[in-house]
Amino acid sequence: MTVTGQPPVPVSRTPWKAVLGGSIGNMVEWYDWFAYASFATYFAAAFFPKGDATAQLLNTAGIFAVGFFMRPVGGWLLGRYADRRGRKAALTLTVTLMSLSALLIAVAPTYAQVGYFGAAVLLLARLLQGLSVGGEYAASATYLTEASHPRRRGFSSSFQYVSMTIGQLIGLGLLMALQHTMTDQTLHSWGWRVPFAVGAVGAVVVLYIRRGLLETEAFEEEETATPARRGTIKGLLSHKREFALVVALTMGGTVAYYTYTTYLTKYLSNTVGLSKSDATLVSFIALSIFCLLQPLAGALSDRIGRRPLLIGFGVGSMLGTVPIMTALQGAETVGQALLLSLAALVIVTGYTSINACVKAELFPTHVRALGVALPYAIANALFGGTAEYVALWFKDAGVESGFFWYVAGCAAVSLVVYLTMRETRNAALSRSERAGDVPQPA
């Protein structure tokens, strides 16, 4: 709002509140995502008939996979919602869905109590979780980019992956804590409900924080300008090139991210030969350092541009994946495994630290959230969500090194895009930016 005699005060005047509110939902989202995957071995028997433990795990894994298929649907529905009703409204809705999905799992009745109805509740929770994940990424990426000072977008939007990584670390820490404080029998009986109850409470806290957010200046300008075009597929299709760009630039990044984060622990344990505790320790330390690298790389992109970091990631991942993963197979100590894991995560930082703002900077305001959400969710479902399955398929076929080449190949495709796309750092997202009337960063 404008006060008489004073210049407009954009949302970026309260940068840390905007960064916290815009990114913290990703922390809860990825915590919940990690909790389901990690605690599935404990609650699988609760929802399906006793007998074949493998069949129980396959059933829970199938329900887990449903979440990935729902992400494009969530990207479409909630991306449209964010473009039509506002970034703040979408952020509030996604965190409400998060809380509800976690709560449903925490209180879901078991097979012994109500038969397959408990599995139906679990499935519903995963459907809601998939919807919220699909919408959360775009809503937070758009909000963080629009609410930031133009010369600090890279730095501010990098906190999206900071919060995502913190969510994984919290989930990993809680898993280790419960394993050390509860018996295996207790975890199988009711202990597995604890992380989901924590997730539900965490989502309520995020909802409280987000209620105090201001809407972005860019959306408020557009709100009355193009009401019929906001958040529509027709409007998005007039930006086919940008749509294809997001799919292609996401392809290599999401495969590399899932490979070096969620799959890495399994790889260190199953292939490298580290104990599960050592593999978990390596992942925890590596992810902690990776988390600290995001704002540094984001700030660097504000000075030198987005393309140099993306190109660095593309070249590093294309040329470095096979040597790093091959060297990891021969790692004999935790220190060696940690250094190689960190080398991989330093490379992927070139993508993770800035991908949110790059995608948002490609689209005009009236389809920005949908433009970020839908192509990203499609690429993530096709390439990120299948990365672990592809890796295990190659391993089962006896040619695990084939997966390393697959990751390198995906990075090569994205590298072509990085080399040919336009620089987005100086994109004007609001009228004040287009007019050059932008205050200095605080």
Side-chain angles (χ1 to χ4, degrees), residues 1 8-29 74-98 131-150 152-154 156-161 163-164 203 206-227 229-232 235-236 239 246 355-377 427-433:
M1 298 293 294
V9 181
V11 178
S12 56
R13 285 295 195 184
T14 54
W16 286 110
K17 185 175 182 179
V19 168
L20 177 64
S23 65
I24 195 171
N26 290 284
M27 180 183 74
V28 177
E29 196 71 76
W76 168 52
L77 291 175
L78 295 173
R80 174 182 171 84
Y81 186 79
D83 282 329
R84 296 189 71 84
R85 298 299 181 89
R87 318 316 189 196
K88 177 184 175 181
L91 288 170
T92 303
L93 180 56
T94 58
V95 78
T96 301
L97 292 174
M98 287 179 213
L131 282 173
S132 63
V133 171
E136 173 67 25
Y137 175 87
S140 64
T142 305
Y143 186 85
L144 286 169
T145 304
E146 290 181 350
S148 304
H149 190 280
R152 286 184 175 173
R153 284 187 202 136
S156 298
S157 64
S158 72
F159 282 86
Q160 185 177 54
Y161 267 81
S163 60
M164 288 166 64
V206 175
L207 178 61
Y208 175 78
I209 293 173
R210 285 184 167 176
R211 287 180 63 188
L213 291 177
L214 299 176
E215 186 53 83
T216 66
E217 182 182 13
F219 177 80
E220 288 183 334
E221 288 177 352
E222 194 72 25
E223 192 170 9
T224 56
T226 55
R229 299 172 57 204
R230 295 203 311 270
T232 63
L236 180 60
H239 302 278
V246 172
N355 82 96
C357 66
V358 168
K359 294 164 188 172
E361 289 166 344
L362 286 171
F363 294 94
T365 304
H366 67 277
V367 290
R368 183 168 294 132
L370 182 61
V372 173
L374 189 55
Y376 166 79
L429 304 186
S430 66
R431 292 176 192 168
S432 60
E433 291 178 29

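Without hydrogens or angle criteria, R210 side chain to T92 main chain gives no donor-acceptor distance under 3.5 Å. Using a distance-only test at 3.5 Å, with no hydrogens or angles considered, a donor-acceptor pair links the side chain of D83 to the main chain of A369. Checking side-chain atoms of S140 against main-chain N and O of Y137 turns up a donor-acceptor pair under 3.5 Å. Side-chain N or O atoms of R87 include none that pairs as donor or acceptor with a backbone N or O of A139 at under 3.5 Å.
Under the side chain to side chain donor-acceptor pair (under 3.5 Å) criterion, S157 pairs with no residue, sequence neighbours left out. Residues meeting the side chain to side chain contact (heavy atoms under 4.5 Å, CB included) test with L78, sequence neighbours left out: L93, T94, L97. Scored by the side chain to side chain donor-acceptor pair (under 3.5 Å) test, S23 finds no partners at all (sequence neighbours excluded).
Counting heavy atoms from C-beta on, the side chains of S163 and I24 never come closer than 4.5 Å. Side-chain contact between T232 and R80 is present, with heavy atoms from C-beta onward closer than 4.5 Å. Residues R368 and L429 form a side-chain contact, since some pair of their non-hydrogen atoms from C-beta on lies under 4.5 Å apart. You'll find the side chain of L370 stays beyond 4.5 Å of the side chain of F363, heavy atoms only. A 4.5 Å side-chain heavy-atom check between V372 and V246 finds every atom pair outside the cut-off.
There is a side-chain donor-acceptor pair under 3.5 Å between E29 and S132.
Taking NZ of K359 as the start and OG1 of T142 as the end, the distance is 11.0 Å to the nearest 0.5 Å.
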